[in-house]
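Okay, structure first, notes after.
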Amino acid sequence: MVANQGFDRSLRLLSASDYSRVFSSTSVKSGCPQALFIASPNRLDHPRLGLVIARKHVKLAVHRNRLKRLIRESFRLRQAQMPSLDIVVLARRGMAELDNTAVSLMLEKQWNRLCKRALEKTT
RNA sequence: AGAGUCGGCUGGACAGUCGCUCUGCGGGGAGCGGGAAACCGUGCCGCAGGGAGGAAAGUCCGGGCUCCAGAGGGCAGGGUGCCAGGUAACGCCUGGGAGGCGUGAGCCUACGACCAGUGCAGCAGAGAGCAGACCGCCGGUCCCGUUGCGGGCCGGUAAGGGUGAAAGGGUGCGGUAAGAGCGCACCGCACGGCUGGUAACAGUCCGUGGCACGGUAAACUCCACCCGGAGCAAGACCAAAUAGGAAUCCGCAGGCGCGGCCCGCGCCGGAUUCGGGUAGGUUGCUUGAGGCCUUCGGUGACGAAGGCCCCAGAUGAAUGACUGUUCCAGACAGAACCCGGCUUACAGGCUGGCUCUCACC
């Protein structure tokens, strides 16, 4: 791995087929009232991230952008400690009401749970 | 100073660390793909620079652009609706007119036509549209033994009362049985002329008419003008895998069909090539009715000339996160082909013109 802090295109889910693969063969799940995390192992040597922030659940474009940025930022800083998973984060209804620090805290917790569960699965 | 009115500008700042995207420059003896190579495409590293809005929003109008359709004309459907100008165009803007509101600055108006036709109008009321006698007023006549200014009948009458959102010009004088544009004066109205204005319209200078053609067209309708349809997921190009198609060649080794058999032909087979085309990718994609400054023309919207500038271009979708400092403690809110408007949301801050009231010099 070149950089363990960057976030370029190779770290994102890029096509509809990538997404549908994660949805159809989910192996690890985690959730809270504001968001749902699902993941499936990939054959690369690093994790990848995809986001689904529906307009139905987060009405304003400003809030959707804010959440995406926060999730990407959090993922960027944690990626080095993560197994090779394709992760999709789905926003739920109350997510826009959380402020930045609350979102970051929530994400930290969910990354930990997700990695733990993935590790249990492989061993 | 207070109250008000019409605009214009702005939409936290600074520092550090870690990221994203685009552009430019530089770098690499072995990143990947192509090529004989030069090199090309892509990627990597470093440096420098750009990186959301006044509404980016709602998607309500108007254009550009793209494809499809199209001789010409009409109908249907939709839109606009005082006049003139501006503009690529508009339902926008500017100037003007008319009506209404306000002491005023100023604001508001879907502001064409109901003597082309059709329709609509609850309740009240005698009567609601080529109107109408309920009370009243007046005349005549009859009756009650003649008294009361009584009652009935036949007429006249729209001045008064009453109803209503609205009752068919207003005021005054004459007139009359009582009244009435019945007549006259003034005001108003309609029509024609004249004058001013490009026009909407105004003036009331002159003449004519006793005087309605009631209201309603965001009611049907009529009149005038405008409008082909779909949208960047438009459109153009490259193009895996799989299935199917076409052409050429191979083989004549095999199977099936035509046939008694052979030759031959057709189909199946293998190879190559081609065209359509899905996933995916590239492009369209930001230099434009562009911005800023100056001068000139115009009351103004705006136009002309000259100079300078290049100012987001993502595509599972960049423009951010964290920490610190500071202040007046940060509202509404995120580009998706691009412009011109309209509408709606919005913490505050700065600023200009004008009006009214009060006080002082």
Side-chain angles (χ1 to χ4, degrees):
Chain A
M1 189 160 295
V2 199
N4 57 2
Q5 295 275 290
F7 187 71
D8 58 33
R9 314 191 105 263
S10 64
L11 295 174
R12 307 179 201 174
L13 295 181
L14 290 174
S15 65
S17 56
D18 291 337
Y19 277 85
S20 54
R21 202 180 56 74
V22 176
F23 282 120
S24 60
S25 62
T26 305
S27 65
V28 189
K29 258 192 197 177
S30 172
C32 64
Q34 291 84 22
L36 178 70
F37 293 68
I38 61 173
S40 161
N42 64 33
R43 293 164 179 219
L44 306 165
D45 56 351
H46 56 79
R48 294 192 300 178
L49 178 70
L51 300 168
V52 178
I53 315 289
R55 192 180 148 86
K56 198 176 160 189
H57 298 312
V58 183
K59 258 192 113 184
L60 291 176
V62 170
H63 290 145
R64 287 199 295 276
N65 282 340
R66 195 187 101 233
L67 291 173
K68 286 183 194 173
R69 285 163 183 159
L70 286 169
I71 296 166
R72 276 199 287 266
E73 185 70 14
S74 176
F75 176 82
R76 183 173 73 77
L77 298 168
R78 277 299 301 268
Q79 54 168 303
Q81 301 130 52
M82 283 185 175
S84 297
L85 288 169
D86 283 350
I87 304 169
V88 174
V89 181
L90 295 104
R92 283 179 173 160
R93 206 166 285 276
M95 202 168 180
E97 272 79 72
L98 299 174
D99 65 7
N100 287 8
T101 44
V103 171
S104 306
L105 275 168
M106 186 265 277
L107 288 168
E108 275 301 306
K109 230 167 133 185
Q110 295 300 325
W111 298 140
N112 282 334
R113 278 171 71 181
L114 212 63
C115 295
K116 235 172 102 187
R117 286 181 191 180
L119 225 74
E120 280 165 12
K121 207 124 196 181
T122 48
T123 50

Base orientation of B:rA52, syn vs anti, 90° cut from 0: syn
Pairwise P distance for B:rA131 and B:rU221, with rounding to whole Å: 31 Å
For A:Lys68 and B:rU21, give me the distance from atom NZ to atom P, rounded to whole Å. 15 Å
Show me, pair by pair, the donor-acceptor contacts under 3.5 angstrom made by side chains of residues 48-55 of chain A, not counting sequence neighbours?
unit_1	atom_1	unit_2	atom_2	d
A:Arg48	NE	A:Asp86	OD1	3.0
A:Arg48	NH2	A:Asp86	OD2	3.0

Would you call B:rC25 syn or anti, using the 90° rule around 0? anti
Taking only the C1' atom of each, what is the distance from B:rC358 to B:rC346 in whole angstrom? 36 Å
Distance between P atoms of B:rC296 and B:rC9 (Å, rounded): 24 Å
Spell out yes or no: do the side chain of A:Arg72 and the base of B:rG316 have one donor N/O and one acceptor N/O closer than 3.5 Å? no
Glycosidic torsion of B:rG54 (syn if within 90° of 0, anti otherwise) classifies it as syn
Closer than 4.0 Å, any side-chain N/O of A:Arg69 to the OP1 or OP2 of B:rU319? yes
B:rU5: pairing nucleotide in any strand, Watson-Crick or G-U under 3.5 angstrom: B:rG353
Would you say B:rG320 has OP1 or OP2 under 4.0 Å from some side-chain N or O of A:Asn65? no
Does a nitrogen or oxygen in the side chain of A:Arg12 sit under 4.0 Å from OP1 or OP2 of B:rA317? yes
Whole angstroms only, please: what is the CD-C1' distance between A:Glu73 and B:rC18? 7 Å
Syn or anti for B:rG161 (syn when the glycosidic angle lies within 90° of 0): anti
Do any side-chain atoms of residues 28-40 of chain A form donor-acceptor pairs under 3.5 angstrom with protein atoms, and if so which ones, sequence neighbours left out?
unit_1	atom_1	unit_2	atom_2	d
A:Ser30	OG	A:Gln110	OE1	2.5
A:Ser40	OG	A:Ser25	O	3.4

Can you tell me, in whole Å, how much space there is between the P of B:rG203 and that of B:rG97? 13 Å
Separation of atom CG in A:Leu11 from atom C1' in B:rU21, rounded to whole Å: 15 Å
For B:rC309 and B:rG28, measure between their P atoms and round to the nearest Å. 35 Å
Take the protein atom CD1 of A:Ile71 and the nucleotide atom P of B:rC322, then report the distance between them rounded to whole Å. 14 Å
With syn meaning chi within 90° of zero and anything else anti, the base of B:rU351 is anti
Between A:Leu60 (CG) and B:rG53 (P), how many Å, whole number? 18 Å
